[in-house]
Engineer: 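Structure provided below as structure tokens; questions to follow.
Starting from 1, each residue takes its place in the sequence as its number. Heavy atoms only: backbone and side chains are in, while hydrogens, waters and symmetry mates are out. Remember, it's 1-based here, ligands and their atoms both numbered in the order they're listed.
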Amino acid sequence: MSRNFIPRAVVSASERRRRGLLLLGAATACCLLLGWQAYRAFYAGYLANERQLSAQRLDAFALSLEATFSRHESLPGLLALDPTLAALLRQPADAQRVAAANTYLEAAQQGAAVAAAFLIDPDGRTLAASNWRLPYSFVGHNYAFRPYFRDALQHGLGRFYGVGVTTGEPGYFLAAPVREADQVLGVIVLKVGLEAMEQALAGAGETLLLTDADGVVFLSSERRLRYRALAPLPAAVTARLAETRQYGSQPITPLAGKAIPTTGNEPLAIALPGEISRDRLIHTRPVGNHGWQLVQLGDPSEARAAALGAASAVAFAAAFILGLAAHFRHRARRREELRHVYGELEKRIAERTADLTEQIAALESTKAILRETRDAAVQAGKLAVLGQMSAGISHELNQPLAALQTFADNAVALLERGRHDEVAENLQMISSLVERTGRIVRQLKSFARKEAPTPHPVSVASAIEHALILVEPRRREIAARIEVAPLPPGLQVIAEAGRVEQVLVNLLRNGLDAMTGQSQPILEISIHREPRRLAIKIRDHGPGLPEEARHHLFEPFFTTKPAGEGLGLGLAISLTIVESYGGTLSARNAPDGGAVFVLTLPAAGETDAPPDA
Ligand code: ADP
């Protein structure tokens, strides 16, 4: 299972990285494309807006210009009605009439707030002028070449923009015929200055041009652009301009390296005089009905910057949204992966659990078999013990019983024969045999005793003392020396005094028995402290434990003593007693001969309290 799972995760990780990079590239391209589209849309929008605003501004300027021109258009006709002018035209040499006409024209010029007013005879010669007093007076000059003069004579009204040939000042000329009856006597001309208009253009804060029908700039927001043409002028036009002296002796050169169109929506790279080429938005609007155009050269950089800003915002927004989407997608995938991992884990746990359940079941059945086997073994052991017991008991009891039988039979026979003394002896024997049988039964009873122990602190010193008293007759019998190592006072074990003494008596008696027949039998008793327990060591100097006996010492009815002297229950009983208090009993041979029995019991802590009775 794990073999399937891990490689799958590894492969999918590298694959996912590759796919992630691809997605990142696609997302970046998408954002850039979106940004580019947004830029184009915003730029187009800003340009449209700009065009609309420019159209409004151009409208305002054009209307103002048209109002200026039309305001003055009826003036020459009105001024021509004054008889002073006709009078002078009739008698041009009359000084009085000249003076009167000059005065009238001067008043008219001031009253109408125009640059100049003057009177021309049918030959084009100026008879009187508002500036008659000034050094550059028009009086005496011939303006027959001017189109306004001819137009006034032929069509009744002449309009013309041009640079003054006398003053060098540009202006808008309006001319009307002076009539008497139906006869045209001459022409009155008003020159309207356009400085105010030019100042207004200059103050607009943008590049504005006013061009005539030939595309020549005659008013401009910038002085340097005046008398330049939108496109190179055809030869015929140049010749006409020279003839009418419309722009004086001023050469008319193109405004830019290429023709500036008066139509078109897209920005155009233009290099104006003294400038490097840069993009311009061109807006135009016709002014009046003379073919004049108001041209605005706008700057698209603001629209570009604004569009760039907006497009960047769009691109960033797109990137943000894509990032957000990627984040949520990643989270969803992580959750899916985790779910998968959990699923795998659960599957594995379920499999393991099933395995364990099987193993537990196998264990349970093994345990059941073991239990059965153990029970059988216990049963077998019990039977073995029972067999040993019955063998031991029958062996122990058969002999005194047989002797009893013999002594009783003898006693009956002796009584019949009247041998009373011998009968008494036999009875004495019977009594001691009964006593021995009773002892055997007592021992068996002690072995069979099954009372719950009630342990409490027991003084080790007094237990040893009582035990020594009990084995004293036997010690004396074999003239043994019992050496007790000095005991620290107050040592106590957790047990029961009588039982501990019983164990000690058993061990001491065995030791003494083992040394029977020796010349200097010595038995040694010593106490050793162990962690949380006390060890009582009883060492004799007898023959030691035979190898074959060591494995059976603690079995009931194991004895090497001659029949009638040992029942083989002493050590078995002792072991049962010691273990009931959580203690141990072990036997070994000392290296220099003799047996060592070590009895350990839980220590009760040292106290000076009087020993337990
Ligand atoms: P019994 O004393 O009735 O034989 P025990 O259970 O007390 O029963 O002892 C069993 C046997 O262990 C003894 O018969 C003897 O063979 C052996 N034994 C016990 N103590 C000693 C000892 N100090 N030295 C040698 N053998 C011993």
Engineer: Against ligand 1, does Gly511 come closer than 4.0 Å with any heavy atom?
Structural biologist: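 Heavy atoms of Gly511 do come under 4.0 Å of ligand 1.
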
Engineer: So does Arg333 have more than 12 non-hydrogen atoms from other groups sitting under 6.0 Å from CZ?
Structural biologist: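 Counting other residues, nucleotides and ligands, CZ of Arg333 exceeds 12 neighbours.
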
Engineer: I want to confirm something. Looking only at heavy atoms, which of Leu523, Thr560, Asn510, Asp540 is nearest to atom 9 (O) of ligand 1?
Structural biologist: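 Looking at heavy atoms only, Asn510 sits closest to atom 9 (O) of ligand 1.
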
Engineer: Out of Ala595, Ala549, Gly544, who gets a non-hydrogen atom closest to atom 25 (C) of ligand 1?
Structural biologist: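 Ranked by closest heavy atom to atom 25 (C) of ligand 1, first place is Gly544.
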
Engineer: Which one of Leu545, Leu569, Asp513 has a non-hydrogen atom at the shortest distance from atom 21 (C) of ligand 1?
Structural biologist: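 Going through Leu545, Leu569, Asp513 one by one, Leu545 has the nearest heavy atom to atom 21 (C) of ligand 1.
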
Engineer: Provide the number and element of each atom of ligand 1 under 4.0 Å from a heavy atom of Leu553.
Structural biologist: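 Answer, ordered by atom number: 12 (O), 17 (C).
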
Engineer: Quick one: does Pro543 get a heavy atom under 4.0 Å from ligand 1?
Structural biologist: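 Under 4.0 Å: no for Pro543.
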
Engineer: Enumerate the atoms of ligand 1 whose separation from the nearest heavy atom of Ala514 is less than 4.0 angstrom.
Structural biologist: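 This gives 22 (C), 23 (N), 24 (N), 25 (C) as the contact atoms.
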
Engineer: Applying side-chain hydrogen bond (donor to acceptor under 3.5 Å, both in side chains) to Thr454 and His456, what does each step give before you reach the verdict?
Structural biologist: CA-CA 7 Å; Thr454 51; His456 52 268; 4.9 Å; no

Engineer: In terms of ring plane angle, is the pair Phe554 and Phe597 parallel, tilted or perpendicular, where the classes change at 30° and 60°?
Structural biologist: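 Correct class here is perpendicular.
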
Engineer: Checking the N or O distance criterion of under 3.5 Å, is ligand 1 in contact with Gly568?
Structural biologist: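 Right, the criterion is met.
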
Engineer: Indicate yes or no: does an N/O atom of Leu571 lie under 3.5 Å from an N/O atom of ligand 1?
Structural biologist: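 The answer is yes, given that Leu571 and ligand 1 share an N or O pair closer than 3.5 Å.
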
Engineer: Would you check, one step at a time, whether the test salt bridge (charged side-chain N to carboxylate O under 4.0 Å, His left out) holds for Glu422 with Arg417?
Structural biologist: CA-CA 10 Å; Glu422 286 171 75; Arg417 287 177 205 156; over 6 Å; no

